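Okay, so here's the structure we're looking at.
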Number of protein chains: 2
Amino acid sequence: MSKKITDETYAGANLLCPIRYAIDIVGGKWKLPIICMLASGLPTRYSSIKRKLTGVTNMMLAQSLKELEAAGIVHREQYNEVPPRVEYTLTDKGKSILPPLLKLAEWGADYMHEDKTCAAFCDKCQSTK
Amino acid sequence: MSKKITDETYAGANLLCPIRYAIDIVGGKWKLPIICMLASGLPTRYSSIKRKLTGVTNMMLAQSLKELEAAGIVHREQYNEVPPRVEYTLTDKGKSILPPLLKLAEWGADYMHEDKTCAAFCDKCQSTK
DNA sequence: CAGGATCCTGTTGGATACTG
DNA sequence: CAGTATCCAACAGGATCCTG
């Protein structure tokens, strides 16, 4: 089943690699902080996310959330009230990426300068240091 | 030891997070394919890497290798012969990031469309599907 | 052979203003 | 409150040519 690796095999690496698939999902400036925030498991309102992500603009936040939703990572629950309320949570797929990310966090913590702990991630991430 | 998470804690997320530290290292278009190639453990020549990474230019390859070297991921061994010969290998740090990446690959393989196995990664990665 | 220099372009991210 | 629309800057990545 392991097909032979030829010189040409590497050509489309970026399109085919599941690692890149994963990295593209959490890539970008705000996706990772958003995922980290939602990792608590609590449904979180748009405005609450915006307040905690210092420096994010409405445009970037809305876009990041939309892309994460399209990727099946976050769930968007809209309540038709006045004023409007929208809450975001991680989907099962979103939760399932946390352990792999945690592995990466452990590796990173081993090689980053000692005092640079992850301020953004969940309790688990903090406990790795 | 787990310090309290305040609203301000998320501000510098991108600078402090060990996950981003890791992702920044393997980020970019060619870093991951390069690491995958060197994961075999065999010292590999510049020209050999260039041949297998279809589409890479000298500039991008040299730059990617230099950044990976600066990050302590690859080792550059230069032989002063004519014609010149340079061989690249993974450092211990470089080898140590493979397991976390493999975790990510397993996750990605679970959610990518079935036939999109990783053509670029080592045998281990291929065996995850 | 293993790169470096220069110039160019597309994409990512940001500022500001506006809306159902 | 939870976003859009429009415009703009910065940077990653590429094309081409050059060199010890």
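What's counted below: heavy atoms across the whole structure, side chains too, no hydrogens, waters or symmetry copies. Note that the structure is a prediction, hence the values are computed from the model and not measured.
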Checklist entry - Which pairs, with at least one residue in residues 31-46 of chain B and sequence neighbours excluded, count as a salt bridge (Lys or Arg N to Asp or Glu O under 4.0 Å)? => result K31(B)-E67(B)

Next on the checklist: Protein within reach of the bases, or only the backbone? For nucleotides 4-20 of chain C, mark each nucleotide 5' to 3' as B, S or -, using heavy atoms under 4.0 Å.
Outcome noted: SBB------SBB----B

Checklist entry - Considering residues at least two apart in sequence or located in another chain, which fulfil the salt bridge (Lys or Arg N to Asp or Glu O under 4.0 Å) criterion with E87(B)? => result R85(B)

Checklist outcome for this item: Residues at least two apart in sequence or cross-chain that pass side-chain contact (heavy atoms from CB on, under 4.5 Å) with K66(A), listed by chain then number, are none

Checklist entry - Phosphate oxygens OP1/OP2 of dA2(D): is one of them under 4.0 Å from a side-chain N or O of S47(A)? => result yes

Checklist entry - Between dT4(D) atom C1' and K50(A) atom NZ, what is the distance in whole Å? => result 14 Å

Item to check | Euclidean distance, atom CG of residue L53(B) to atom C1' of dG13(D) [Å, nearest integer] | outcome: 14 Å

Checklist outcome for this item: For S96(A), the side chain to side chain donor-acceptor pair (under 3.5 Å) test, sequence neighbours excluded, returns W107(B), Y111(B)

Item to check | Members of residues 68-82 of chain B that approach DNA chain D, where some heavy atom sits under 4.0 Å away | outcome: none

Checklist outcome for this item: Of the listed dC1(D), dG3(C), dG3(D), the closest approach to the Y88(A) side chain comes from dG3(D)

Checklist entry - Would a 4.5 Å heavy-atom cut-off, applied to side chains only, mark T89(A) and L38(A) as touching? => result no

Item to check | L104(B) CG to L104(A) CG distance, which is reported to the nearest 0.5 Å | outcome: 6.0 Å

Item to check | S64(A) OG to K29(A) NZ distance, which is reported to the nearest 0.5 Å | outcome: 10.5 Å

Checklist entry - dA5(D) P sits how many Å from L61(A) CG, rounded? => result 16 Å

Next on the checklist: Could you tell me how far apart I49(B) (CD1) and dA2(C) (C1') are, to the nearest whole angstrom?
Outcome noted: 11 Å

Checklist entry - Side chains of H75(B) and L90(B): does their closest heavy-atom pair fall under 4.5 Å? => result no

Item to check | Any side-chain heavy-atom pair of I19(A) and V26(B) under 4.5 Å | outcome: no

Item to check | Residues in side chain to side chain donor-acceptor pair (under 3.5 Å) contact with K93(A), at least two apart in sequence or another chain | outcome: Y21(A)

Next on the checklist: Tell me whether the side-chain N/O atoms of R45(A) come closer than 4.0 Å to OP1 or OP2 in dA2(D).
Outcome noted: yes

Checklist entry - Atom CG of L65(A) and atom C1' of dG3(D): how far apart are they, to the nearest Å? => result 10 Å

Checklist entry - Do any pairs count as a salt bridge (Lys or Arg N to Asp or Glu O under 4.0 Å) and have a residue in residues 70-80 of chain A, sequence neighbours left out, and if so which ones? => result none

Checklist outcome for this item: As a check of understanding: the bend across the helix from dC1(C)-dG20(D) to dG20(C)-dC1(D), end axes from five pairs, rounded to 10 degrees, works out to 60°

Item to check | Rounded distance in Å - CD1 (I34(A)) to C1' (dA2(D)) | outcome: 14 Å

